[in-house]
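Quick one: this structure, given as structure tokens, is what I'll be asking you about.
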2 protein chains.
Amino acid sequence: MNSSRPVTIKDIARRFRCSPSTVSRALNDHPAINEDTRKNIQEYAREVGYQRNEVSLSLLNKKTASLGVVVPTISNYYETAVIEGLHTVLQPMGYTLNICVTNESYLLEKESLSKLLSNRTEGIFLSVSQETYDAGYYEHLENVIQRKTPLIFIDREYEDFETSRATVDDYHGAFAAVEHLVSIGYKQIAHLKGPNGLTVSEQRFKGYINCLKKYNMPIREELILNTNFNVESAILPTKRLLELASPPDAIFGVNDQVAIGAMRVAKDRGLRIPQDIGLVGFDNSPISAYTFPSLTTVHRPGRKIGMEASRLFLNQLNGSGDFSPESIVLPSELVIRESSLRI
Amino acid sequence: MNSSRPVTIKDIARRFRCSPSTVSRALNDHPAINEDTRKNIQEYAREVGYQRNEVSLSLLNKKTASLGVVVPTISNYYETAVIEGLHTVLQPMGYTLNICVTNESYLLEKESLSKLLSNRTEGIFLSVSQETYDAGYYEHLENVIQRKTPLIFIDREYEDFETSRATVDDYHGAFAAVEHLVSIGYKQIAHLKGPNGLTVSEQRFKGYINCLKKYNMPIREELILNTNFNVESAILPTKRLLELASPPDAIFGVNDQVAIGAMRVAKDRGLRIPQDIGLVGFDNSPISAYTFPSLTTVHRPGRKIGMEASRLFLNQLNGSGDFSPESIVLPSELVIRESSLRI
DNA sequence: GAAATTTTTTCAAACGTTTGCATTCAATAT
DNA sequence: ATATTGAATGCAAACGTTTGAAAAAATTTC
């Protein structure tokens with residue numbers, strides 16, 4: 001009863017008193033194999049549940065058909081949407097996705113990449129961790145580049161490498177969001193910013209600032225507070241905003257989670273949205289359409305980013321000889337809902 | 001400039017005019033290697049960025065250190081929490097997670113499993129697709145069993161196999177949720193059920209029914225409508241509920257998303273929550289604490305499920321000889337918030 | 001019936017690494 | 001000088017599969 005050891009081609013060959021080559025060819029419908037031999041072998045193989053050992057093939061062909069996805073987290077809507085996009089394109093092509101979560105840690109990111117390279121992963125999709133970004137350590141990436149393993153940056157980019165990248169136009173999205181608030185007539189617009197240093201945070205922040213400048217609105221430092229992308233982290237900063245001597249009449253949150261946190265605090269204080277205070281988020285997460293009032297937000301096409309990133313990978317893979325990296329910047333789109341529609 | 005081909009042990013051997021065995025031993029700090037030789041080889045290896053080819057090792061040792069995770073979707077909070085739990089335990093042990101999304105399709109599930117087996121994955125965590133569950137096709141699992149590849153069911157279980165499984169006690173969670181509504185004094189409790197046939201849906205439904213029975217409350221067929229786990233799918237059913245001649249005074253949603261959808265509809269109609277209508281969800285997703293009013297729900301320990309599932313896998317792997325499958329059922333816990341606290 | 005042709009099968013190498021055993025070589029003991 | 005030891009290294013097989021070239025077997029041709 002040793003059914004645990006997988007059946008190999010050699011086992012089958014022994015059974016038929018023929019060579020492994022014959023079995024291999026029979027199973028692969030090679031034309032030079034006798035019809036009867038082929039049938040018998042195929043039937044027997046099915047019977048005993050033969051399943052090709054892809055590991056040996058990987059070694060032989062130097063193709064693993066596996067790709068690495070290295071991301072700081074998978075507990076946000078956006079990240080999973082990206083992964084889903086990658087999956088949608090790449091799974092049908094036979095690729096397997098190896099997901100590595102770094103928890104924003106440089107060390108884990110480094111180890112993950114090293115592991116992926118050791119496993120001869122054929123491509124890596126990377127959204128760098130905050131620690132990496134902060135420290136500016138990029139030696140661990142040199143290795144990937146040197147190996148000529150296609151490396152695609154997602155969202156959090158890094159300028160110094162000749163790699164492809166797929167990002168969302170955070171800047172113009174943020175700009176449009178704030179411009180919308182201005183156009184409605186809000187005068188004191190606060191920003192619940194993401195963690196300092198991250199491209200995503202900084203781009204949206206820049207959009208916020210530049211829009212205020214464009215419309216000659218004062219930039220009040222005390223209206224800009226940091227959050228950590230999640231709901232909880234928005235609670236305290238929002239309270240502080242609302243306790244100011246001259247509180248804001250609108251808040252632009254770095255993402256929907258943060259905006260929803262702010263919404264909660266505002267409602268607790270009895271403020272009416274959007275009459276007393278306007279709110280805008282970012283991401284267009286599924287829930288944003290169903291808060292009460294529904295949340296004005298900026299659509300961030302995660303699925304599309306994943307699909308575009310796949311395309312960039314495939315381009316680089318099939319690139320004839322010299323490959324030149326592409327940068328895809330997908331537009332983000334303002335989605336106007338109730339939370340900002342003061343009449 | 002052919003730096004794309006990874007450096008092998010043979011390359012290094014050639015450089016040092018020694019045999020591959022010596023290089024291998026030097027790199028692995030084998031004691032029988034001369035100190036100088038070892039140092040030189042290790043230094044050179046670092047210099048040229050040598051990275052062990054794990055594929056060849058996998059073939060040799062029949063160990064791939066990779067695990068399959070097959071789930072219907074990754075776009076819900078709960079699923080990603082489970083994956084995170086798996087990751088937390090298994091990544092530090094050197095395992096790589098291969099994520100396969102089935103989109104509730106039997107065919108994709110079958111293909112995914114077959115692929116994972118071909119890749120000689122050392123264990124598989126499976127939450128069966130709805131199609132599989134509906135059709136009751138389980139031949140594709142026989143293969144996994146026969147191979148003695150540890151198979152751990154997550155959430156959606158299947159009784160006929162001798163496998164370990166980790167699930168949440170949906171039944172008692174649902175029961176507690178409804179009992180809570182009853183205790184508050186709600187009389188006409190509706191249920192927005194999940195898709196028929198899925199264990200998760202049916203168990204929660206059973207909890208709902210049995211609780212009503214226990215308290216001798218009438219079971220009204222028209223107060224039980226199906227949804228699809230997401231926010232949108234709750235909108236129409238909720239509208240229908242509220243348009244009934246005698247509408248419910250409370251709704252128990254199969255999960256938070258559905259409850260939030262219901263909340264939105266109720267508010268649109270000007271109903272006050274919890275005064276006019278009570279609401280309870282299921283999952284304790286991060287957002288549920290920050291809706292307005294905050295949502296009473298049942299905590300579903302996704303991360304913990306992932307970690308427990310990992311433990312089950314490790315048990316089976318290290319099991320001495322005859323292994324007996326374990327079933328872990330984690331308790332779910334009622335989290336009382338504002339949406340049901342009518343005074 | 002031998003030669004030529006075609007069909008079918010086998011051989012051997014390759015992918016990169018590890019490891020038990022054999023070998024080499026120098027140093028030490030007799 | 002020779003045997004003995006010990007340290008350092010090399011050999012070869014193994015993991016499972018594919019594939020070009022060679023070999024063998026069957027068939028056709030004259």
Side-chain angles (χ1 to χ4, degrees), chain A residues 2 4-42 44-45 48-66 94 115 117-122 147, chain B residues 2 4-42 44-45 48-66 94 115 117-122 147:
Chain A
N2 188 6
S4 70
R5 193 179 67 84
V7 178
T8 74
I9 249 181
K10 287 185 186 172
D11 297 330
I12 302 180
R14 213 168 301 127
R15 158 76 173 65
F16 281 92
R17 290 181 218 289
C18 70
S19 74
S21 347
T22 303
V23 178
S24 170
R25 291 196 169 97
L27 292 174
N28 293 321
D29 288 325
H30 193 284
I33 292 295
N34 182 286
E35 183 69 2
D36 288 343
T37 318
R38 190 178 62 71
K39 260 199 218 148
N40 288 334
I41 289 183
Q42 287 191 356
Y44 179 75
V48 296
Y50 169 80
Q51 218 145 2
R52 213 222 236 109
N53 184 335
E54 294 289 346
V55 177
S56 76
L57 258 197
S58 293
L59 181 58
L60 186 61
N61 299 333
K62 296 165 185 252
K63 299 226 166 149
T64 55
S66 72
K115 187 116 177 290
L117 285 182
S118 272
N119 287 335
R120 299 300 187 258
T121 297
E122 292 181 41
R147 267 282 204 305
Chain B
N2 188 4
S4 69
R5 192 179 67 83
V7 178
T8 74
I9 248 182
K10 287 186 186 172
D11 296 329
I12 301 180
R14 212 170 301 126
R15 159 74 174 68
F16 282 92
R17 289 180 219 289
C18 68
S19 74
S21 344
T22 302
V23 177
S24 170
R25 290 192 173 102
L27 292 174
N28 293 320
D29 288 327
H30 192 284
I33 292 294
N34 182 286
E35 184 69 4
D36 287 344
T37 320
R38 190 178 62 72
K39 259 198 218 149
N40 288 335
I41 289 182
Q42 286 191 356
Y44 180 75
V48 297
Y50 168 79
Q51 218 144 3
R52 214 223 235 106
N53 184 334
E54 293 289 345
V55 177
S56 75
L57 258 197
S58 293
L59 181 58
L60 187 61
N61 298 333
K62 298 166 184 249
K63 299 229 167 147
T64 54
S66 72
K115 189 117 176 288
L117 285 183
S118 272
N119 287 335
R120 297 301 188 259
T121 296
E122 293 181 39
R147 266 278 206 307

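Reminder, nothing fancy here: chain letters follow the sequence lines and each chain counts from 1.
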Given Val23(A) and Cys18(A), is the side-chain contact (heavy atoms from CB on, under 4.5 Å) satisfied, shown in steps? CA-CA 8 Å; Val23(A) 178; Cys18(A) 70; 3.7 Å; yes
Return the value, rounded to whole Å, for the distance between atom CG of Asp29(A) and atom P of dT18(D). 12 Å
Filter on salt bridge (charged side-chain N to carboxylate O under 4.0 Å, His left out), then keep only pairs touching residues 13-22 of chain B, sequence neighbours left out; what's left? Asp11(B)-Arg14(B)
Estimate the overall bend of the helix from dG1(C)-dC30(D) to dT30(C)-dA1(D) from the end axes over five pairs each, rounded to 10 degrees. 70°
Nearest-0.5 Å distance that lies between atom CZ in Arg120(A) and atom OG1 in Thr64(A): 9.5 Å
Residue set satisfying ring-ring contact (aromatic ring centres under 6.0 Å, His included) with Tyr50(A), at least two apart, ordered chain then number -> none
Which pairs would a plain distance check flag for residues 53-61 of chain B, meaning a side-chain donor or acceptor within less than 3.5 Å of a matching protein atom at least two apart in sequence or in another chain?
| from | atom 1 | to | atom 2 | distance (Å) |
| --- | --- | --- | --- | --- |
| Asn53(B) | OD1 | Val55(B) | N | 2.8 |
| Asn53(B) | OD1 | Ser56(B) | N | 3.3 |
| Glu54(B) | OE2 | Arg52(B) | NH1 | 3.3 |
| Ser56(B) | OG | Asn53(B) | O | 3.0 |
| Ser58(B) | OG | Glu54(B) | O | 2.9 |
| Ser58(B) | OG | Lys63(B) | O | 3.2 |

Between Asp36(A) (CG) and dT7(C) (P), how many Å, whole number? 16 Å
Salt bridge (charged side-chain N to carboxylate O under 4.0 Å, His left out): pairs with one or both residues in residues 19-29 of chain B, sequence neighbours excluded: Asp29(B)-Arg38(B)
Contacts satisfying ring-ring contact (aromatic ring centres under 6.0 Å, His included) that involve residues 21-42 of chain B (not counting sequence neighbours) are none
Under 3.5 Å between N/O atoms: give me all the protein pairs with nucleotides 9-11 of chain D, atom names plus distance.
| from | atom 1 | to | atom 2 | distance (Å) |
| --- | --- | --- | --- | --- |
| dT9(D) | OP1 | Thr37(B) | OG1 | 3.1 |
| dT9(D) | OP2 | Asn34(B) | N | 3.1 |
| dT9(D) | OP2 | Thr37(B) | OG1 | 3.4 |
| dG10(D) | OP2 | Ser19(B) | N | 2.8 |
| dG10(D) | OP2 | Ser19(B) | OG | 3.1 |
| dG10(D) | OP2 | Thr22(B) | OG1 | 2.5 |
| dG10(D) | O6 | Arg25(B) | NH1 | 3.0 |
| dG10(D) | O6 | Arg25(B) | NH2 | 3.2 |
| dC11(D) | N4 | Ser21(B) | OG | 2.9 |

Nearest-angstrom distance from the residue atom CG of Asn119(B) to P of dG16(D): 15 Å
What parts of residues 9-16 of chain B reach DNA chain C, counting only heavy atoms under 4.0 Å away? Ile9(B), Lys10(B)
Using the side-chain contact (heavy atoms from CB on, under 4.5 Å) rule, take Ile9(B) and Leu27(B) through it: C-alpha gap first, then chi angles, then the decisive distance, then the call. CA-CA 9 Å; Ile9(B) 248 182; Leu27(B) 292 174; 4.2 Å; yes
Go through the structure and list residues passing side-chain hydrogen bond (donor to acceptor under 3.5 Å, both in side chains) with Thr121(A), not counting sequence neighbours. none
Can you list the steps and then say if Phe16(B) with Ile41(B) is a side-chain contact (heavy atoms from CB on, under 4.5 Å)? CA-CA 8 Å; Phe16(B) 282 92; Ile41(B) 289 182; 4.1 Å; yes
Strand-adjacent residues in residues 48-64 of chain A, judged by heavy atoms under 4.0 Å from DNA chain C: Leu59(A), Leu60(A), Lys62(A)
Would you tabulate the nitrogen or oxygen pairs shorter than 3.5 Å linking the protein to nucleotides 23-26 of chain C?
none

What are the two closest heavy atoms between Arg147(A) and Pro6(B), and how far apart are they? NE-CB, 3.7 Å
Measuring from Asn119(A):CG to Gln51(B):CD, what's the distance to the nearest 0.5 Å? 10.0 Å
CZ of Arg120(B) versus C1' of dG16(D): gap in Å, rounded? 9 Å
Using 0.5 Å steps for rounding, measure from the CD atom of Gln42(A) to the CD1 atom of Ile12(A). 10.5 Å
Taking every heavy atom of Asp36(B) against every heavy atom of Asn34(B), the minimum-distance pair comes out as N-OD1, 2.8 Å
Excluding sequence neighbours, so at least two apart, what forms side-chain hydrogen bond (donor to acceptor under 3.5 Å, both in side chains) with Ser24(A)? none
